Amino acid sequence: MNVGNIEVQPVLDGYIVGRLQSTQPLPDQGSDAWRQQHGMFRPGGLIESTVGGFLVRAGDRLALVDAGLGQDFPDGYSPPRIDPNDLADTFVRHLRERGVTEQDFQHLNDDFSNIQVSQGQLPASLRALGVDPEEVTDLIFTHLHFDHIGWASAGGSAYFPNATIRCASADLDHFLPGTEEDFFTTRVYRSITVAERLGPVLDRVETWEGDCTLLTGIDVRLAPGHTPGSSVVVISEGIHRAMLLGDIIHCPLELMDDDFNLLVDYDQDLANSVREAYARELEGSDVLVAASHFPGLQFGRLLPGESKRRWTFAAD
Ligand SMILES: [Zn+2]
Ligand SMILES: [Zn+2]
């Protein structure tokens, strides 16, 4: 995909399938709204999130926006099964201290049993685009969730040895000391903590505090809510523009319908208002849009509709 002379290419790392809470039921299978999600909504209320990043060639810079989940597990992924009575398990103690009941544990185990994770493809995806990790000049994070920073390091060393690491200072301040999410993601998705992942590259981190131009043709706009420093990456040249929305939305339906949200945000009210503002800005514009978890990391456009907006993937 080209934005003027800037080339933007999806770089797949894998996917996560699981159940997410939402403000409204998922649309009926076979309905228009369901079809417009391009297979993200699976039977049984499961949602498939593609994971990876976007390679942006702008002038002499080769930037990667978000970096997937990271190295594959040597023995594959298997979901956790929690024994609510195992008080030697710190995860169980932690949940119990937070008032999780016997019944909640049952639901958690049901949800965990549906999780599928595939990761580790990003190096091969980059190779297919003719890119060596040494060539990447900038690693730009829309936010610091585990499924976006996975290839910041591998085996305790920087995976992109020459890249400047760029993220919002608000996210670095929030995630580095350790968060509740680390506790969950290390157990459920078998990730390492944000501090462990970024440790090997911390000396190369440059942060932004507000909206700014990072590189020629690549701007960031703070869009907090999903995380304190969540940001949108705007790619532009001349009259051409595209936006990488990060996780301010997960599925196109969240742009189509102001009442539909997946409940995955740090500050839900703020995230809702950010989402609605972007939906209004994008509706009917010619800006190509992708979010971090869209199927196949495809771009699309938000079209005005009679009652609700419509979404169309660029390939449709
Ligand atoms: Zn996220
Ligand atoms: Zn994410």
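None of these values were measured; they are calculated from a predicted model. The basis for the numbers below is simple: all heavy atoms, side chains too, and nothing from hydrogens, waters or symmetry mates. Indexing begins at 1, ligand by ligand and atom by atom, following the structure's order.
- Looking at H226 and the Zn ion (ligand 1) together, the shortest N, O or S contact belongs to NE2.
- Under a 4.0 Å N-O distance rule, the pair R221/D211 does not qualify as a salt bridge.
- Only protein atoms were considered; those of element N, O or S under 2.8 Å from the Zn ion (ligand 2) number 4.
- A salt bridge links D138 with R166: the distance from a Lys NZ or Arg NE/NH1/NH2 to an Asp or Glu carboxylate oxygen falls below 4.0 Å.
- Cation-pi geometry between R197 and F146 is not satisfied (NZ or CZ under 6.0 Å from the ring centre, within 45° of the ring normal).
- The closest donor-acceptor contact from the side chain of T179 to the backbone of F175 lies at 3.5 Å or more, if one exists at all.
- Residues M256 and R310 are not in side-chain contact: their nearest non-hydrogen atoms beyond the backbone lie 4.5 Å or more apart.
- A salt bridge does not link R35 with D28: none of the charged nitrogens is closer than 4.0 Å to a carboxylate oxygen.
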